[in-house]
Amino acid sequence: MGVDGGRHVVIMGPQGAGKGTQAALVAPRLGLIHVATGDLFRQVMASDSELGREIRRYYDRGALVPDELTLRMLMERLDAVKQEHPDARGALIDGFPRNQAQAEALDRAMAERNERIVAVVHIAVPREVLLERLSGRLICATCGATYHRLFNPPKQAGVCDVCGGQLYQRSDDTPEAVERRLAIYYEQTEPVLRHYTEAGLRIDIDGNQPIEAVTEAILAALRPRVEAA
Ligand code: ADP
Ligand code: AMP
């Protein structure tokens with residue numbers, strides 16, 4: 001990243017919209033590094049630490065982890081990305097912000113760091129489709145890659161195509177936790193989109209299409225913004 005800091009993109013949308021799937025596909029093609037707060041939490045929970053146990057208390061029931069802890073972890077990760085990928089344009093931020101307070105905290109952090117959000121991609125998918133997607137989702141325990149039993153199956157059942165890791169079903173992809181997470185999304189996260197509409201950053205993408213079509217739509221919309229930034 002340049003001396004004056006990163007140029008980041010935020011990817012938003014309800015659980016199951018395809019944020020993680022698309023971020024993994026588009027980030028490398030735009031010179032961005034995928035940073036997902038949910039992945040950060042899953043990594044911490046995989047180690048048996050006090051912090052991991054604290055996060056799990058929120059995560060497993062589909063509640064939000066406290067804002068301050070989440071913001072701190074995101075900023076630490078952005079710092080690490082800068083060190084590890086000095087040539088990257090910035091991060092593709094997935095899973096943050098989730099409420100108005102987080103959106104305002106992100107604005108403040110960007111100003112302090114002399115960095116910028118250059119676009120916010122919103123992937124829209126109808127609720128009944130989300131439920132189908134979440135009930136069949138599989139995740140790689142090693143690299144976090146996302147699959148679906150029917151819609152995006154791995155080449156070999158239970159094994160990650162990317163790294164050979166083992167696939168598992170997320171502990172929060174249960175019907176109860178999914179209900180809670182979607183309720184939180186529509187109550188607290190969706191209203192944040194207005195903030196980005198007003199800032200002229202919002203890009204709406206129809207996520208109810210095949211994975212490749214969504215990727216092409218995101219790339220077409222983002223390229224001019226990211227490359228001009
Ligand atoms: P999010 O990160 O927004 O919660 P994911 O990327 O994890 O969503 O996708 C949720 C599930 O839907 C995964 O099982 C994924 O394989 C599947 N999926 C993602 N995009 C599509 C699509 N365009 N069509 C069908 N299934 C999809
Ligand atoms: P995700 O992988 O984005 O679906 O996130 C999984 C879970 O991680 C959420 O249900 C929350 O418990 C937690 N989480 C992820 N991002 C945030 C955030 N920005 N704020 C609070 N909790 C979060």
Side-chain angles (χ1 to χ4, degrees), residues 10-27 34-45 51-52 54-75 77 92-106 109 121-140 144-154 160-162 167-174 176-185 188-189 192 205-218:
V10 171
I11 188 161
M12 292 183 67
Q15 287 74 9
K19 301 181 295 297
T21 301
Q22 295 301 330
L25 294 166
V26 305
H34 181 203
V35 172
T37 45
D39 286 347
L40 298 180
F41 292 138
R42 283 183 286 278
Q43 281 158 17
V44 176
M45 288 188 299
L51 181 60
E54 186 191 341
I55 291 168
R56 189 171 287 288
R57 284 199 282 277
Y58 301 97
Y59 182 100
D60 277 353
R61 59 191 173 92
L64 292 185
V65 174
D67 291 346
E68 203 181 315
L69 172 58
T70 308
L71 181 72
R72 178 154 47 85
M73 287 187 54
L74 175 63
M75 291 307 141
R77 188 68 204 130
L92 181 50
I93 301 174
D94 162 7
F96 194 101
R98 288 282 234 271
N99 57 34
Q100 186 65 23
Q102 292 186 4
E104 289 170 13
L106 184 60
V121 175
H122 165 233
I123 307 184
V125 172
R127 189 187 153 95
E128 59 281 8
V129 177
L130 301 173
L131 297 177
E132 249 176 26
R133 290 189 184 178
L134 293 168
S135 62
R137 173 157 65 181
L138 296 170
I139 299 284
C140 174
T146 304
Y147 299 86
H148 190 281
R149 284 184 220 281
L150 304 174
F151 307 144
N152 186 22
C160 178
D161 295 350
V162 180
L167 304 186
Y168 73 101
Q169 182 162 33
R170 279 173 47 169
S171 56
D172 62 342
D173 278 345
T174 58
E176 304 74 39
V178 163
E179 276 302 319
R180 181 186 295 244
R181 287 156 60 214
L182 286 175
I184 293 173
Y185 178 81
Q188 298 186 34
T189 310
V192 172
I205 298 287
D206 174 8
N208 194 17
Q209 324 176 58
I211 291 174
E212 304 72 42
V214 180
T215 305
E216 289 312 315
I218 295 175

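Every heavy atom of this structure was used, including side-chain atoms; hydrogens, water molecules and symmetry mates were not. Each ligand, and each atom within it, is numbered from 1 in the order the structure gives.
When only interatomic distances are considered, the shortest N/O to N/O separation between G95 and ligand 2 falls below 3.5 Å. Of the N or O atoms in G16, one or more lie within a sub-3.5 Å distance of an N or O in ligand 1. When only interatomic distances are considered, the shortest N/O to N/O separation between P210 and ligand 1 does not fall below 3.5 Å. Polar contact check, F151 against ligand 1: no nitrogen or oxygen pair lies under 3.5 Å apart. Between Q209 and ligand 1, an N or O atom pair is found at a separation short of 3.5 Å.
Heavy atoms of R170 found under 4.0 angstrom from ligand 2 belong exclusively to the side chain. With a 4.0 Å heavy-atom cut-off, ligand 2 is reached by the side chain of R181 but not by its N, CA, C or O. By the criterion of a heavy-atom distance under 4.0 Å, the side chain of F41, and not its backbone, is placed next to ligand 2. With a heavy-atom cut-off of 4.0 Å, A63 touches ligand 2 through its backbone alone. In D172, the part holding a heavy atom less than 4.0 Å from any atom of ligand 2 is the side chain.
The protein atom (non-hydrogen) at minimum distance from atom 22 (N) of ligand 2 is V65 N, 3.0 Å. Protein heavy atom closest to atom 19 (C) of ligand 1, with residue, atom name and distance, is T21 OG1, 3.6 Å. In terms of protein heavy-atom proximity, atom 16 (N) of ligand 2 is closest to T37 OG1, 2.8 Å. Residue, atom and distance of the protein heavy atom nearest to atom 2 (O) of ligand 1 are G20 N, 2.9 Å. Considering only non-hydrogen protein atoms, atom 8 (O) of ligand 1 sits nearest to G18 N, 3.1 Å.
With Y59 contributing its side chain and R42 its backbone, the two residues share no donor-acceptor pair below 3.5 Å. Although no hydrogens or angles enter the test, the distance criterion places a donor-acceptor pair under 3.5 Å between the side chain of H148 and the main chain of E132. Side-chain atoms of K19 do not come within 3.5 Å of backbone N or O of G95 as any donor-acceptor pair. Remark: side-chain polar atoms of Q22 are paired, donor with acceptor, to backbone N or O of I211 under 3.5 angstrom. Between the side chain of S171 and the main chain of D60, no donor-acceptor pair closer than 3.5 Å is present.
Atom CZ of R98 and atom CZ of R181 lie 7.5 Å apart (nearest 0.5 Å). Rounded to the nearest 0.5 angstrom, L150 CG and R133 CZ are separated by 12.5 Å. Between atom CD1 of residue I11 and atom CD1 of residue I123 there is a gap of 4.0 Å, rounded to the nearest 0.5 Å. Y185 OH to R127 CZ: the interatomic distance, rounded to the nearest 0.5 Å, is 12.5 Å. The line from CG of D172 to CZ of R180 is 11.5 Å long, rounded to the nearest 0.5 Å. For the atom pair M73 CE and Q43 CD, the distance stands at 8.0 Å (nearest 0.5 Å).
For the side chain to side chain donor-acceptor pair (under 3.5 Å) with R137, the qualifying choice from D173, T21, T146 is D173, the only one to do so. Screening I55, L40, V65 for a side-chain contact (heavy atoms from CB on, under 4.5 Å) involving T70 leaves a single residue, V65.
The shortest separation from a heavy atom of R42 to ligand 2 is under 4.0 Å, placing the residue in contact. Using 4.0 Å as the threshold, Q22 has no heavy atom nearer than that to any atom of ligand 1. Proximity of A17 to ligand 1 is established by a heavy-atom distance of less than 4.0 Å.
The residue among Q15, R137, R133, E132 with a heavy atom at the shortest distance from atom 27 (C) of ligand 1 is R133. Looking at M45, R98, Q102 and measuring to atom 3 (O) of ligand 2, the nearest heavy atom belongs to R98.
The neighbour count for E68 CD, taken as heavy atoms of other residues, nucleotides or ligands under 6.0 Å away, does not exceed 12.
Those atoms of ligand 1 that come under 4.0 Å of a heavy atom in Y147, given as number and element, are 13 (C), 14 (O), 16 (O). For ligand 2, the atoms lying closer than 4.0 Å to a non-hydrogen atom of Y59 are 6 (C), 7 (C), 8 (O), 12 (O). Near P14, with a cut-off below 4.0 Å to any heavy atom, the atoms of ligand 1 are 3 (O).
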